[in-house]
Amino acid sequence: MKYNYGAIEQKWQKYWEDNKTFDVTIDTSKPKFYGLVEFPYPSGAGMHVGHIKAYSGLETIGRKKRLEGYNVLFPIGFDAFGLPAENYAIKTGIHPRVSTDNNIAHFSDQLKRVGFAFDWSRVIDTTDEDYYKWTQWIFLKMFENGLAFRDKTLVNYCPSCKVVLSNEDSQGGKCDICHSDIVQKSKDVWYLRITEYCEQLLQGLSEVDYLPNIKLQQENWIGKSTGAFVNFELVGADEKLRIYTTRPDTLYGVTFMVIAPEHPVIDANSATIKNMDAVLEYRAECAKKTEFERTQLVKEKTGVKLDGLSAVNPITGKEIPIYISDYVMMGYGTGAIMAVPAHDQRDYEFATKFGIDIIEVIKGGDISKEAYTGDGEMVNSGVLNGMTNKKDSIAKMLKYLEEKGIGEKGVQYKMKDWAFNRQRYWGEPIPIVHCEHCGMVAVPYEELPLRLPKVQNFEPGSDGESPLAKIDDFVNCTCPKCGKPAKRETDTMPQWAGSSWYYLRYCDPKNSEALASKEALEYWMPVDWYNGGMEHVTRHMIYSRFWHKFLYDIGAVNTSEPYAKRTAQGLILGPDGEKMSKSKGNVVDPLDVIEVYGADVLRVYTLFMGDYEKAAPWSDSSVKGCKRFLDRVWALQDVLVDGDSYRPEFTSKMHKMIKKVTSDIDNMKFNTAIAAMMTILNDFTSFGSINRAELKDFLIMLYPFAPHITEEMYEALGFGGYIHDAKWSSYDEALCKDDEIEIAVQINGKLKERVMISADAEQAEVLEIVKANEKIASELAGKQIVKEIYVKGKLVNIVAR
RNA sequence: GCCGCUGUGGUGGAAUAGGCAGACACAAGGGACUUAAAAUCCCUCGGAUUAACCUCCGUACCGGUUCAAGUCCGGUCAGCGGCACCA
């Protein structure tokens with residue numbers, strides 16, 4: 001009988017849904033396992049094979065954990081706010097609510113057709129007002145605690161999307177969404193003070209089990225550096241110029257200073273600076289450039305020397321000039337640097353161009369050619385002379401600076417505050433009222449959710465204003481504090497908002513009193529295992545860790561970290577080895593695969609195609625191989641014989657296979673787990689039979705990968721109950737070993753022969769057997785044995801001359 | 001530029017903690033079954049040499065450590081990812 005995957009898969013999907021097989025409740029009698037996958041953006045295009053791979057990993061782990069007795073929470077939801085729905089609305093006039101609901105229905109249907117063991121009673125939609133009520137609640141808590149604030153700054157602005165973008169959304173000077181060039185614009189922006197949590201976010205990494213490269217990326221993103229702040233006296237002004245440096249020990253080599261064009265010291269001393277015209281002109285030029293032009297282009301250094309304002313090197317007492325230049329940024333450190341041209345390439349280029357002295361203070365390079373950035377002996381540096389250890393010389397200088405009150409130890413982070421508003425409709429309204437008398441006032445908690453009003457026109461305003469600004473009913477309100485007429489904030493939150501806490505809501509998705517009950521959070525949190533794409537390990541993960549740490553600090557959650565473990569799957573590339581994209585026409589539709597081969601084949605293939613963590617190209621013919629595998633599993637029914645324990649010839653094979661599949665699943669080595677099952681299947685097929693005991697455990701091993709076919713066979717063959725309620729098979733370590741094993745025999749490290757020996761044989765015994773071997777004996781004839789090595793159960797190596 | 005990762009047959013990939021390189025699949029070639037095709041089953045499948053056995057070479061490249069290196073060390077090249085005038 002042929003395997004009719006279409007009917008069988010439908011049958012079991014319906015069974016799971018009707019019986020709520022994977023819906024879970026708190027059960028303190030069992031250990032819990034919370035497996036989390038990144039919830040999708042429900043795009044109109046529907047699901048992608050990448051989704052399948054991303055979800056199949058934890059799906060397989062979760063199904064196995066369930067058989068091992070865990071209470072498994074494996075939820076799904078939709079991250080549904082965002083630009084595509086809004087752009088679609090602008091184009092078609094269809095309200096984002098309508099298209100989003102359609103897309104969610106479509107996505108849900110597709111996910112069900114793959115047979116994922118999601119708890120469908122806990123589905124989340126970030127655009128649901130019962131959900132975003134709590135997103136707004138968290139925002140208000142941050143506002144209350146001074147972590148949400150408004151500031152006027154130059155922002156990255158996309159003239160095409162008409163939105164302000166965070167640095168993260170405008171990498172490379174291009175808009176993340178439409179790829180237009182970004183320009184700089186002065187605007188009032190909402191920020192979340194994530195920088196307050198730099199150190200905690202960094203320290204927290206030592207408590208969690210993330211893949212090493214994920215930790216590293218987060219560390220780089222936070223970008224901690226240690227150094228010193230040093231205050232330089234000014235000639236021509238009373239105040240001091242404060243700089244940040246990582247190498248205070250090079251202070252003797254400082255021959256000039258550079259400040260950012262926007263540095264406030266310029267305006268404070270505009271009367272003293274004689275060439276203010278030139279300075280302002282340079283500043284205006286810089287303002288025109290985008291962040292990209294300022295930072296990305298390797299170009300010649302430019303700048304203007306301040307005329308009438310200079311500084312004093314605090315350690316040499318020499319007067320040194322101050323320049324403004326755009327290679328110093330206002331956003332890092334203090335916006336001012338001490339320049340050490342001999343040992344910093346940028347300072348070197350600048351000094352060379354402007355004819356400034358270059359003083360060597362670290363020996364080892366040739367400063368007539370380029371800056372020397374390596375280590376070496378300190379020279380021309382007073383008390384530091386002769387020191388060769390960087391750490392020691394920095395410590396000595398720091399001590400001196402602190403004693404003299406010139407400077408102190410300091411720490412800097414590259415991470416910047418999070419620009420937290422978009423001038424868009426389809427997002428969570430920021431629950432703030434602007435009152436002429438009271439300033440910014442929080443919408444009272446009991447008025448949440450602050451609902452998105454219905455609008456007709458989704459086009460942003462001409463000046464990048466939110467479409468909400470055109471809704472008078474929405475904008476005009478009364479101040480919650482003084483009761484006088486006031487205006488609502490019309491910006492909405494960025495897409496990262498809803499996904500920053502969704503894993504908490506899954507614990508208790510219908511709670512109307514809190515984001516989740518204490519009881520639910522205590523039982524389910526933290527997420528035991530979070531899997532997703534590498535592209536989300538910095539922004540999304542750092543943002544959500546930040547929110548979580550804040551919620552922990554205000555007592556709203558019970559763990560300091562949200563995710564105990566994080567892994568990432570590799571991309572599925574197109575059959576041509578290129579990244580899948582519509583324009584390249586190399587996109588594989590998972591539903592087509594289900595149509596032709598069935599959902600089990602699709603699932604098995606995405607896990608078998610290669611190392612789960614690495615990118616691998618799609619191969620249609622390899623999919624066929626997985627289909628063949630499942631057909632051969634189905635055909636085992638034709639060669640089934642009775643037996644309630646493993647037969648001798650399969651005992652150790654079964655135990656080894658169970659051991660391998662068990663540990664491989666735990667380590668996400670799905671490809672080798674499947675290979676082990678293929679191997680033993682080949683053994684059964686060529687042997688000509690399988691008995692009931694063997695088949696039962698084989699099916700249980702295969703179940704997490706291919707649940708439909710295994711449910712069906714398990715039921716049809718009458719193994720009792722359902723496979724999703726079965727117990728995960730155990731193995732006996734002692735039975736994984738064979739009595740007789742084959743070992744390799746090498747002479748001088750080269751393989752010459754293989755011999756069978758008993759597994760527990762000792763070296764002397766083994767060597768005796770080996771030397772009795774005809775071939776080895778002849779190889780050794782006339783040679784002198786220098787050394788004999790026996791690696792137990794593996795090989796013998798005889799060194800002979 | 002800095003940091004990190006990777007490099008294995010025609011292809012995807014295996015190879016505890018230095019111990020038989022190429023598991024498992026795909027593709028290809030040959031055969032069986034079939035009127036034929038598909039499906040299925042069997043055989044071959046890193047390279048050189050050979051009728052065959054044997055033997056030699058082989059994990060990007062060069063060198064080293066070791067009885068033994070895909071694995072460890074030093075250097076080179078290539079590809080990928082992250083950060084990037086971060087002081």
Side-chain angles (χ1 to χ4, degrees), chain A residues 2 171-172 211-221 223-225 227-228 243-247 250 257-258 260 294-299 301 325-329 331-340 343-347 349-350 373 412-416 534-535 537-538 570 573 575 577 605 608-611 613-626 628-629 631-632 635 660 663 669 671-682 685-686 742-754 786-800:
Chain A
K2 230 186 136 225
Q171 303 264 320
L211 291 179
N213 55 331
I214 294 175
K215 274 193 192 181
L216 194 75
Q217 275 197 29
Q218 294 201 6
E219 277 167 17
N220 286 343
W221 190 268
K224 181 177 182 172
S225 88
I243 62 96
Y244 175 74
T245 178
T246 52
R247 291 301 300 266
T250 59
M257 322 256 324
V258 186
R294 265 185 79 165
T295 62
Q296 304 281 322
L297 294 178
V298 185
K299 54 167 178 27
K301 297 274 178 291
S325 174
D326 62 359
Y327 82 90
V328 173
M329 311 288 151
Y332 184 79
T334 62
I337 62 155
M338 60 179 222
V340 187
H343 305 290
D344 181 289
Q345 191 54 34
R346 296 153 301 175
D347 297 346
E349 285 166 21
F350 195 88
T373 52
Q412 280 294 307
Y413 303 89
K414 289 183 196 171
M415 188 160 69
K416 292 174 187 162
M534 269 320 277
E535 70 275 23
V537 305
T538 45
L573 305 172
Y605 175 64
F608 181 65
M609 62 193 298
D611 184 333
E613 286 164 20
K614 291 204 189 111
W618 184 270
S619 156
D620 283 319
S621 45
S622 289
V623 178
K624 278 184 215 157
C626 294
R628 252 173 241 159
F629 168 56
D631 281 343
R632 280 153 55 87
K660 177 138 186 75
S663 71
K669 300 285 176 204
N671 53 340
T672 49
I674 294 167
M677 288 186 277
M678 287 174 168
T679 306
I680 202 166
L681 171 69
N682 289 343
T685 310
S686 56
E742 188 186 68
I743 60 158
V745 184
Q746 298 178 335
I747 293 176
N748 296 330
K750 290 203 171 168
L751 179 70
K752 293 293 175 188
E753 185 67 310
R754 295 166 219 264
V786 181
K787 200 170 183 180
E788 293 165 334
I789 294 129
Y790 173 53
V791 182
K792 194 156 187 198
K794 293 249 162 80
L795 60 62
V796 168
N797 188 14
I798 298 171
V799 185

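Treat the numbers as computed from the prediction; the structure is a model and nothing was measured. Letters go in sequence order (proteins before strands), and every chain restarts at 1.
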Next on the checklist: Suppose you measure atom C1' in B:rG9 against the same atom in B:rG58; what distance do you get, rounded to whole Å?
Outcome noted: 10 Å
Next on the checklist: Just to be sure I understand the rule, does A:K614 reach a base, reach only the sugar-phosphate, or reach nothing, if contact means heavy atoms closer than 4.0 Å?
Outcome noted: nothing
Checklist outcome for this item: Rounded to whole Å, CE of A:M415 lies from P of B:rC83 at a distance of 14 Å
Checklist entry - Just checking, any donor-acceptor pair under 3.5 angstrom between side chains of A:S619 and A:Y605? => result no
Checklist entry - On a whole-Å scale, what distance lies between the P atoms belonging to B:rA51 and B:rA60? => result 32 Å
Checklist entry - Taking for each residue the nucleotide of RNA chain B with the nearest heavy atom, is it A:R632 or A:A744 whose nucleotide lies nearer the 5' end? => result A:A744
Next on the checklist: Let's test your reading of the pairing rules: Watson-Crick or G-U wobble, both distances under 3.5 Å, then write RNA chain B as a dot-bracket string with ( ), [ ], | and dots.
Outcome noted: (((((((..(((......[....))).(((((.......))))).(((......)))..(((((..]....))))))))))))....
Next on the checklist: What's A:A615 touching, base or sugar-phosphate or nothing? Going by heavy atoms closer than 4.0 Å.
Outcome noted: sugar-phosphate
Next on the checklist: Both A:T245 and A:S619 contact RNA chain B. Taking the nearest nucleotide for each, which residue is further toward the 5' end?
Outcome noted: A:S619
Checklist entry - Going by heavy atoms in the side chains, are A:K752 and A:V745 under 4.5 Å from each other? => result no
Next on the checklist: Work out how far the P atom of B:rC77 is from that of B:rA25, and round it to whole angstrom.
Outcome noted: 41 Å
Item to check | Separation between the P atoms of B:rU44 and B:rC54, rounded to whole Å | outcome: 15 Å
Checklist entry - Does a side-chain heavy-atom distance below 4.5 Å link A:F629 with A:F608? => result no
Checklist entry - Atom CZ of A:F629 to atom C1' of B:rC41: distance rounded to whole Å? => result 18 Å
Next on the checklist: If you only use heavy atoms from C-beta on, which nucleotide in B:rG12, B:rA15, B:rC3 is closest to the side chain of A:A616?
Outcome noted: B:rG12
Checklist entry - Hey, is the main chain of A:D347 close enough, under 3.5 Å, to the side chain of A:D344 for a donor-acceptor pair? => result yes
